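Right, one structure below, let's go through it.
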Amino acid sequence: NFWAMSEQRQVFSFDTINHFDHHISASIRGYQVLDDLLINIASFFLKEGVCPVDIGCTSGRLLGRLNQVYECGGKGFDITSANFIPLRGVDLMVQDISEPDFSLPSTNIVFSVFTLQFIQQPKRVEVLRKAFDALWQNGVLVVCEKESTEDAFLQEVFTFSNYDNKRTGFTEKEILDKEADLRKMMNCNTGPQNVEMIMRAGFKKPEIFFKSLGFTGYLCRK
């Protein structure tokens, strides 16, 4: 099992899940491709003295991998330290990025990988604006989100194709239990809604660099 279990089923949350990086890799078809793309894309923005920032960093693994490849350090923020792994040269901090007093350090690249979908809708634009303000001119925010589609039939295609993929790593009960728990935690936008929100925060029109069923990656340039 990928999340902590007791005699009574433990509700899925970022405080109770175990082996998070394995969990998300098993949940998203093509996740390793996405992960490699994030490393490649970073090479265009990690200039001398640039420290990448990850909002909603979970374990901090992405920053650790970036630091291994580019010796760039890294700063990550997450609402809980439950999944933090010790990483040399990388600072991981517990902070609610949706709170008004949160601010990001100056940088040329910010990552938000499947994070905004767990933040209350009214607060998402403010988080994006803070990322915009922290970035240097021509810097980039990398946003990855699970999205819903406006076509009900295609939404069914995406949903059940994703379930079929998850069955290789989870039991059917685990899949359904997690879906029930996520109803209280996750609120996905459509693609057009995300594009509009990103541009409202000040970014140029984002470009899609990754797409797998309902999972989309955007490059958002300042």
Side-chain angles (χ1 to χ4, degrees), residues 1-6 9-28 31-32 34-42 45-46 49-120 123-124 126-128 130-131 134-135 140-146 166 169-170 174 177-178 181-182 184-186 215 217:
N1 291 344
F2 287 104
W3 51 81
M5 301 294 290
S6 63
R9 184 180 77 85
Q10 185 118 353
V11 174
F12 173 89
S13 78
F14 294 105
D15 287 312
T16 61
I17 191 172
N18 293 325
H19 311 296
F20 179 84
D21 296 313
H22 191 179
H23 179 94
I24 192 170
S25 178
S27 298
I28 301 173
Y31 182 78
Q32 188 57 55
L34 170 62
D35 199 55
D36 290 341
L37 284 172
L38 297 178
I39 302 301
N40 292 340
I41 287 166
F45 299 94
L46 287 175
V50 173
C51 179
V53 175
D54 190 353
I55 53 175
C57 64
T58 315
S59 69
R61 185 201 53 80
L62 173 60
L63 291 172
R65 190 175 175 205
L66 287 167
N67 191 41
Q68 275 189 327
V69 175
Y70 302 116
E71 297 183 351
C72 56
K75 293 186 184 296
F77 301 90
D78 204 275
I79 198 167
T80 174
S81 64
N83 297 287
F84 284 179
I85 52 178
L87 297 164
R88 189 172 65 84
V90 173
D91 295 325
L92 303 178
M93 290 151 278
V94 177
Q95 196 161 1
D96 185 345
I97 65 172
S98 67
E99 288 299 309
D101 62 350
F102 175 73
S103 62
L104 281 76
S106 178
T107 183
N108 203 42
I109 184 166
V110 176
F111 293 92
S112 173
V113 182
F114 305 114
T115 297
L116 295 174
Q117 62 205 40
F118 294 104
I119 295 175
Q120 294 177 17
K123 297 183 177 182
R124 294 182 192 183
E126 288 307 311
V127 172
L128 290 169
K130 288 176 182 180
L135 285 167
V140 70
L141 168 67
V142 184
V143 173
C144 302
E145 289 285 291
K146 182 179 182 181
K166 287 183 176 183
F170 305 97
E174 285 174 333
D177 284 347
K178 181 185 174 186
D181 295 336
L182 284 176
K184 312 177 193 73
M185 301 169 57
M186 187 169 67
F215 300 96

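Here the structure is a predicted model, which means the values were calculated and not measured.
Salt bridge annotation for R65-D36: present, with a cationic side-chain nitrogen under 4.0 angstrom from a carboxylate oxygen.
Rounding to the nearest 0.5 Å gives a distance of 5.5 Å between CE of M186 and CD of Q117. Distance check, rounded to the nearest 0.5 Å: CD1 of I79 to CD1 of I97 gives 8.5 Å. For the atom pair CG of L66 and CG of L38, the computed distance is 8.0 Å after rounding to the nearest 0.5 Å. Interatomic distance, L116 CG to K123 NZ, rounded to the nearest 0.5 Å: 13.5 Å. Note: L87 CG to L92 CG = 5.5 Å, rounded to the nearest 0.5 Å. In this structure, SG in C57 is found 8.0 Å from CE in M93, a value given to the nearest 0.5 Å.
A tilted orientation is assigned to the rings of Y31 and F114, their planes being inclined by 30° to 60°.
Between D35 and R61, the shortest heavy-atom contact is OD1-NH2, 2.7 Å. Across every non-hydrogen atom of L104 and A134, the tightest pair is CB-CB, 3.6 Å. For V94 against S81, the heavy-atom pair with the smallest separation is CG2-CB, 3.5 Å.
Within the 4.5 Å cutoff, side-chain heavy atoms of D78 are placed close to those of F84. Counting heavy atoms from C-beta outward, Y70 and I39 have side chains that approach closer than 4.5 Å. When side chains are defined from C-beta on, L62 counts as touching V113, because their heavy atoms get closer than 4.5 Å. Contact of the I55 side chain with the K130 side chain is not registered, since no non-hydrogen atoms from C-beta on lie closer than 4.5 Å. Considering only heavy atoms from C-beta on, V140 stays 4.5 Å or farther from L135 through its side chain.
Legend: residues meeting side-chain hydrogen bond (donor to acceptor under 3.5 Å, both in side chains) with S106, ordered by chain and number and at least two apart, are W136. Partners of D96 by side-chain hydrogen bond (donor to acceptor under 3.5 Å, both in side chains), not counting sequence neighbours, listed by chain and number: S98.
Counting only distance, with no hydrogens or angles, the side chain of D54 and the backbone of G76 share no donor-acceptor pair below 3.5 Å.
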- Message: Run T107 and V50 through side-chain contact (heavy atoms from CB on, under 4.5 Å) and show every step you take.
- Response: CA-CA 6 Å; T107 183; V50 173; 3.8 Å; yes
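The residue from V90, I109, V142, V110 that alone fulfils the side chain to side chain contact (heavy atoms under 4.5 Å, CB included) condition with P52 is I109.
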